[in-house]
Amino acid sequence: MNQKQKQARYRRIYDQLNDLLAKPGNRLSRMATIVAVLHHKMDHFFWTGFYLLDNGNLIAGPYQGPVACQLLEKDKGVCWAAINQQKSILVPNVHKFPGHIACDSRSNSEIVVLLKNEKNQVTGVLDVDSKSFDAFDETDREGLEKICGLIY
Ligand code: SME
């Protein structure tokens, strides 16, 4: 999939999610819908899910893919780095990321974007892993950040 095709796919997914999420639900059901659509429409997504801040911990929320860690050790790994730096993080090779938490040894690259509430406070992250190295780029970051904006 080239850049143009990927951008077009994110646009279609966003439009589909916008319709789906307009129906009654809550934050958790919206997250579940988002990961289901993303995971099945994006070939390079091996694990797709949310980690949510809960009493200072990062706990697994809705996800699709292999079974993952339920609790991420504080201030360790990519998800906590995104929370602590308050920004999205792209990791082309997870094996070179200090402290990376390997929930599944088949993951080779990863992207983490912030999930915020209506007050712009960070409430968790959307985390996607790929079996390919260097699978994520700015198009993924933009697309996923925009999609996270659908959760309110
Ligand atoms: N690799 C993540 C942990 C979550 S799994 O990728 C599903 C991290 O280092 O925070």
Side-chain angles (χ1 to χ4, degrees), residues 1 3 6-7 9-10 13-14 16-17 20-21 25-152:
M1 190 164 44
Q3 283 306 309
K6 201 197 264 188
Q7 283 163 356
R9 190 167 300 185
Y10 271 112
I13 289 175
Y14 182 87
Q16 183 189 358
L17 284 169
L20 288 167
L21 301 182
N26 63 18
R27 279 173 69 81
L28 269 186
S29 65
R30 289 193 181 96
M31 289 177 212
T33 303
I34 285 173
V35 293
V37 171
L38 281 173
H39 195 73
H40 289 92
K41 295 239 157 138
M42 286 301 201
D43 301 335
H44 58 309
F45 288 18
F46 170 62
W47 189 93
T48 313
F50 287 92
Y51 276 95
L52 305 174
L53 282 170
D54 182 82
N55 285 323
N57 291 312
L58 263 182
I59 308 272
Y63 71 86
Q64 301 231 349
V67 173
C69 322
Q70 249 176 240
L71 169 74
L72 298 181
E73 187 184 327
K74 195 157 169 72
D75 296 335
K76 198 178 168 221
V78 189
C79 294
W80 269 112
I83 298 271
N84 290 336
Q85 295 172 32
Q86 298 274 292
K87 62 171 194 173
S88 300
I89 297 191
L90 281 77
V91 184
N93 179 348
V94 295
H95 310 289
K96 291 189 175 164
F97 190 95
H100 168 256
I101 300 169
C103 296
D104 189 299
S105 59
R106 290 170 290 180
S107 292
N108 284 314
S109 65
E110 180 165 1
I111 182 170
V112 175
V113 306
L114 299 175
L115 175 67
K116 296 177 180 176
N117 63 15
E118 65 288 352
K119 293 179 194 149
N120 214 31
Q121 295 159 328
V122 175
T123 56
V125 294
L126 172 61
D127 178 15
V128 185
D129 289 8
S130 178
K131 284 202 228 177
S132 307
F133 288 98
D134 205 9
F136 304 105
D137 55 28
E138 284 302 300
T139 300
D140 294 284
R141 185 185 61 73
E142 273 174 35
L144 296 175
E145 285 179 355
K146 198 170 166 211
I147 286 167
C148 278
L150 289 167
I151 298 173
Y152 43 86

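Numbering of ligands and ligand atoms starts at 1, following listing order. Computed from a predicted structure; not experimentally measured.
Taking every non-hydrogen atom of Trp47 and a distance limit under 4.0 Å, the qualifying atoms of ligand 1 come out as 7 (C). For ligand 1, the atoms sitting less than 4.0 Å from at least one non-hydrogen atom of Cys79 are 8 (C), 10 (O), numbered in the order shown with element in parentheses.
The number of heavy-atom neighbours closer than 6.0 Å to NZ of Lys41, taken from other residues, nucleotides and ligands shown, is 12 or below. Within 6.0 Å of the CD atom in Gln7, the count of heavy atoms belonging to other residues, nucleotides or ligands exceeds 12.
The side-chain hydrogen bond (donor to acceptor under 3.5 Å, both in side chains) check on Tyr10 picks up Asp140, with sequence neighbours excluded. With sequence neighbours left out, the ring pair (Phe, Tyr, Trp, His ring centres under 6.0 Å) criterion links Trp80 to no other residue.
Of the protein's non-hydrogen atoms, Asp127 OD2, 3.3 Å is the one closest to atom 4 (C) of ligand 1. For atom 1 (N) of ligand 1, the closest heavy atom belonging to the protein is Ile101 O, 2.7 Å. Scanning the protein for heavy atoms near atom 8 (C) of ligand 1, the closest one is Val78 N, 3.3 Å. For atom 5 (S) of ligand 1, the nearest non-hydrogen atom of the protein is Cys103 SG, 3.3 Å. What sits closest to atom 6 (O) of ligand 1 on the protein, heavy atoms only, is Asp129 OD2, 2.8 Å.
Atom CG of Leu150 is separated from atom CE of Met31 by 12.0 Å, given to the nearest 0.5 angstrom.
The closest approach between a heavy atom of Tyr63 and any atom of ligand 1 is not below 4.0 Å.
Of all the heavy atoms of Val112, none lies under 4.0 Å from any atom of ligand 1, so neither backbone nor side chain is involved. When non-hydrogen atoms are compared, ligand 1 lies under 4.0 Å from neither the backbone nor the side chain of Phe97.
At least one donor-acceptor pair closer than 3.5 Å links the side chain of Ser29 to the backbone N or O of Asn26. Looking at Trp47, its side chain does come within 3.5 Å of a backbone N or O of Pro66 through a donor-acceptor pair. Checked by atom type and distance alone, the side chain of Ser130 pairs as donor or acceptor with a backbone atom of His44 at under 3.5 Å.
Ligand 1 has an N or O atom lying under 3.5 Å from an N or O atom of Glu110, backbone or side chain. The N/O atoms of Gly77, backbone and side chain alike, include none that comes under 3.5 Å of an N/O atom in ligand 1.
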